[in-house]
2 protein chains.
Amino acid sequence: MNSVIDRRQDILQHASSLLRTRGFNAFSHRDLAERTGVKSSSIHYHFPTKQDVGIALIQQYREDLAMTLQSLNNLPVSDRLACFVAPFVESAQSGNQWCLAGMLASDFNSLDELLRYEVRRFFDLAEHWLADQTLALQPELSPDDARVRAQSAMALLEGALLLARAQQDAQRMHNALTLFYALLGASPAKA
Amino acid sequence: MNSVIDRRQDILQHASSLLRTRGFNAFSHRDLAERTGVKSSSIHYHFPTKQDVGIALIQQYREDLAMTLQSLNNLPVSDRLACFVAPFVESAQSGNQWCLAGMLASDFNSLDELLRYEVRRFFDLAEHWLADQTLALQPELSPDDARVRAQSAMALLEGALLLARAQQDAQRMHNALTLFYALLGASPAKA
DNA sequence: GTCTATAAGTAGATAGAC
DNA sequence: GTCTATCTACTTATAGAC
């Protein structure tokens, strides 16, 4: 039993922070080694390549989201949406981290195919779930319209957090959320 | 007189393409040298540091936008907006480049302060202009409301292009534009 | 699992000849 | 202005001892 219960998880935690702060091509094994307190060769033991780190990060990000979304089934739809957007609000307030999937999407053309696939998978999950919530709130919409609204809503969240960070203005995220809720048909249940 | 009229401009052209495709930390002087056909030391002659390349790119991007916007004064507002979004539509269709300013915003925390300042300046220009157009279309809005709508509209454009590229789905940009126009109060003058 | 040691390649950048 | 040559530092990654 180590002082760190799970070193692999510890590495991923720091890698997530570095990725969301700087981007995939702006942190190194050295950065990870310094923060975790192990040597870079030990990082390679847990994750043979840097792409493996990225893949583990986005897979865990998607699995965490999937579990969270499943746990929301018993809540009203507007409460579910509030839980969905909560991490975006927190990031906007903390001020220097973007969404993990958004950051990988921005680095898309420098990623290996498997990593690209996992990024697409994350957004597929988020957008399909958002489309389902939209249909629940606005049953009069066609499934296609609900999907289109969900995709624009997701784009709005990513863009708002990107610009809130650059402009150091968390209010932008709150303003975007008003539009986000309106687009999906939720009453202004602002957090 | 060289075969290349303006080498500095030639370097910036290739740098813009590399930046918008891969991101600021995913291209090197070597990449630039290969594409321009000069040695990397010559790149350094024109731009002493890589940050200088970034600064020249975003400054030119902003100046080009400022000139374009000024040239639109005699057009109906909906036509001005169509010109504003045209580069986003083109990027979505070409499929592998993001917005230059959006990419630098994603790399924000790995940039020097002067480069960060120029990124903020670009978005200030774009958003102020969009707010002005919104007020022209919807005079009943308060300046604050117009500003909020303009900021969300800009976030939507950036996010939509980001996800259109990752999902290889140019239709997302067109769908986002419908919302973009509605938000600013323009009739559905879709391109 | 973690370490030391090391590798081959790349990064941004500079000196000085032409 | 562009070149060759070079530099230091950093990158990802591996071999092998403990």
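Just so it is clear, the values below take in all heavy atoms, side chains as well, and ignore hydrogens, waters and symmetry mates. Order of the sequence lines sets the chain letters (A, B, ...), proteins ahead of strands, with each chain counted from 1.
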Across the strands shown, which category fits [X] at heavy-atom distances under 4.0 angstrom: base, sugar-phosphate, nothing?
X: His44(B); answer: base
X: Ser28(B); answer: sugar-phosphate
X: Arg30(A); answer: base
X: Phe47(A); answer: nothing

Are Arg121(B) and Asp124(B) ion-paired here, with the side-chain N under 4.0 Å from a carboxylate O? no
Using whole Å, what does the distance between atom [atom2] of nucleotide [N] and atom [atom1] of [X] come to?
X: Asp31(B); N: dG9(C); atom1: CG; atom2: C1'; result: 14 Å
X: Phe24(B); N: dA11(C); atom1: CZ; atom2: P; result: 13 Å
X: Tyr45(B); N: dC3(D); atom1: OH; atom2: C1'; result: 13 Å
X: Arg22(B); N: dA11(C); atom1: CZ; atom2: C1'; result: 14 Å
X: Ile43(A); N: dT14(D); atom1: CD1; atom2: C1'; result: 15 Å
X: Leu32(B); N: dT10(C); atom1: CG; atom2: P; result: 16 Å
X: Phe27(B); N: dG12(C); atom1: CZ; atom2: P; result: 8 Å
X: Asn25(B); N: dT12(D); atom1: CG; atom2: C1'; result: 16 Å

Residue among Ser16(A), Ser17(A), Ser91(A) satisfying side-chain hydrogen bond (donor to acceptor under 3.5 Å, both in side chains) with Gln97(A): Ser17(A)
Check for me whether Lys50(B) meets the cation-pi criterion with Phe27(B), that is, NZ or CZ under 6.0 Å from the six-membered ring centre and within 45 degrees of the ring axis. yes
Does Ser41(A) get its side chain close enough to the base of dT14(D), under 3.5 Å, for a donor-acceptor pair? no
Quick note, Lys39(B) side chain, CB onward, closest among dT2(C), dC3(D), dT12(D) is dC3(D)
Output the single nucleotide from dC3(C), dC3(D), dA13(C) whose closest atom is nearest the side chain of His29(B). dA13(C)
Checking side-chain contact (heavy atoms from CB on, under 4.5 Å) for the pair Phe24(B)/Gln51(B): CA distance, chi angles, key distance, verdict? CA-CA 9 Å; Phe24(B) 190 73; Gln51(B) 296 284 337; 4.1 Å; yes
Just to confirm, is there a sub-4.0 Å distance from OP1 or OP2 of [N] to any side-chain nitrogen or oxygen of [X]?
X: Arg7(B); N: dG1(D); result: no
X: His46(B); N: dT2(D); result: yes
X: Ser42(B); N: dC3(D); result: yes

Does atom CD of Glu63(A) have more than 12 heavy-atom neighbours from other groups under 6.0 Å away? yes
